[in-house]
Amino acid sequence: MGKTVAELAGLNPSGYADMNAIASSSTAMTAIVASQTARKAIESSNTAISALSASSRVVTGYATIGTAYSKDCWIVSACCTTSNSSSYQYTIGNFYDSPTTKTGMYGNTHKAVSRFAKNAAVTADTAGGWQHEIKYIPC
């Protein structure tokens with residue numbers, strides 16, 4: 001899968017043995033986010049999603065209401081860190097491809113998002129001023 005995604009993104013596939021190599025490379029991730037074909041290939045592959053989710057490049061950002069990360073990124077997961085209630089709704093927006101937002105209900109356990117976003121924004125219920133956590137890979 002790594003070589004295929006590299007080729008779809010216009011990269012030399014010989015430099016990327018697998019999805020772990022893709023996930024480890026900021027150059028590869030930048031090229032992939034610029035290619036709709038490569039983005040869609042990753043978003044539809046469980047192998048690719050698993051490799052990106054397990055990458056050592058995954059970082060954690062925190063936000064109350066507003067932007068958690070203001071650049072291109074692969075969003076691994078999101079949760080509410082200050083409430084275990086499943087009644088709080090979140091919306092993560094600015095995905096590259098349709099649908100452009102993901103809305104759901106969650107508590108304080110990370111839920112998979114597995115999407116590429118530009119200027120990823122996390123918004124949620126304002127009650128209580130809950131803090132939200134987003135795990136992502138910068139692109």
Side-chain angles (χ1 to χ4, degrees):
M1 181 72 191
K3 290 185 182 302
T4 300
V5 169
E7 192 168 350
L8 290 172
L11 299 168
N12 182 346
S14 67
Y16 303 96
D18 55 25
M19 282 306 302
N20 293 323
I22 294 283
S24 298
S25 168
S26 61
T27 300
M29 293 298 287
T30 298
I32 289 165
V33 82
S35 166
Q36 182 180 30
T37 305
R39 288 193 313 266
K40 287 185 176 263
I42 288 175
E43 289 177 354
S44 64
S45 166
N46 289 336
T47 300
I49 289 169
S50 294
L52 291 176
S53 297
S55 171
S56 62
R57 292 190 62 233
V58 173
V59 295
T60 302
Y62 297 93
T64 50
I65 305 304
T67 301
Y69 187 68
S70 60
K71 295 184 180 176
D72 293 338
C73 63
W74 167 261
I75 301 177
V76 176
S77 62
C79 78
C80 179
T81 59
T82 52
S83 173
N84 65 2
S85 172
S86 61
S87 66
Y88 293 99
Q89 180 171 302
Y90 73 91
T91 300
I92 298 176
N94 301 332
F95 294 129
Y96 272 94
D97 304 302
S98 293
T100 57
T101 60
K102 179 176 179 135
T103 301
M105 309 298 270
Y106 66 93
N108 61 359
T109 302
H110 270 266
K111 303 289 189 257
V113 175
S114 305
R115 297 286 308 277
F116 283 100
K118 50 190 169 191
N119 298 317
V122 178
T123 58
D125 291 344
T126 57
W130 308 120
Q131 183 178 48
H132 295 75
E133 184 175 279
I134 181 173
K135 293 191 180 212
Y136 63 92
I137 298 175
C139 292

Self-check item: For the student: nearest non-hydrogen atoms of A23 and A51, plus distance
Solution: CB-O, 4.1 Å

Practice problem: Heavy atoms only: give me the nearest A28-Y16 pair and the separation to one decimal. | Solution: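 Here A28 and Y16 meet closest at CB-CE2, 3.6 Å.
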
Quick one: [atom1] on [X] to [atom2] on [Y], what's the gap to the nearest 0.5 Å?
X: L8; Y: I42; atom1: CG; atom2: CD1; value: 9.0 Å
X: S24; Y: M19; atom1: OG; atom2: CE; value: 10.0 Å
X: S114; Y: I75; atom1: OG; atom2: CD1; value: 10.0 Å
X: F116; Y: C139; atom1: CZ; atom2: SG; value: 5.0 Å
X: D72; Y: M29; atom1: CG; atom2: CE; value: 10.0 Å
X: T37; Y: I32; atom1: OG1; atom2: CD1; value: 12.0 Å

Any donor-acceptor pair under 3.5 Å from [X] side chain to [Y] backbone:
X: K3; Y: P13; value: yes
X: S44; Y: K40; value: yes
X: S53; Y: I49; value: yes

Are [X] and [Y] packed together at the side-chain level, in the sense that at least one heavy-atom pair is separated by less than 4.5 angstrom?
X: Q36; Y: Y96; value: no
X: V58; Y: S55; value: yes
X: V76; Y: Y136; value: no

Practice problem: For atom CG of N12, decide whether the heavy atoms of other residues, nucleotides or ligands shown that lie under 6.0 angstrom number more than 12. | Solution: yes

Practice problem: Sort out for me which residue in E43, R57, R39 forms a side chain to side chain contact (heavy atoms under 4.5 Å, CB included) with W74. | Solution: E43

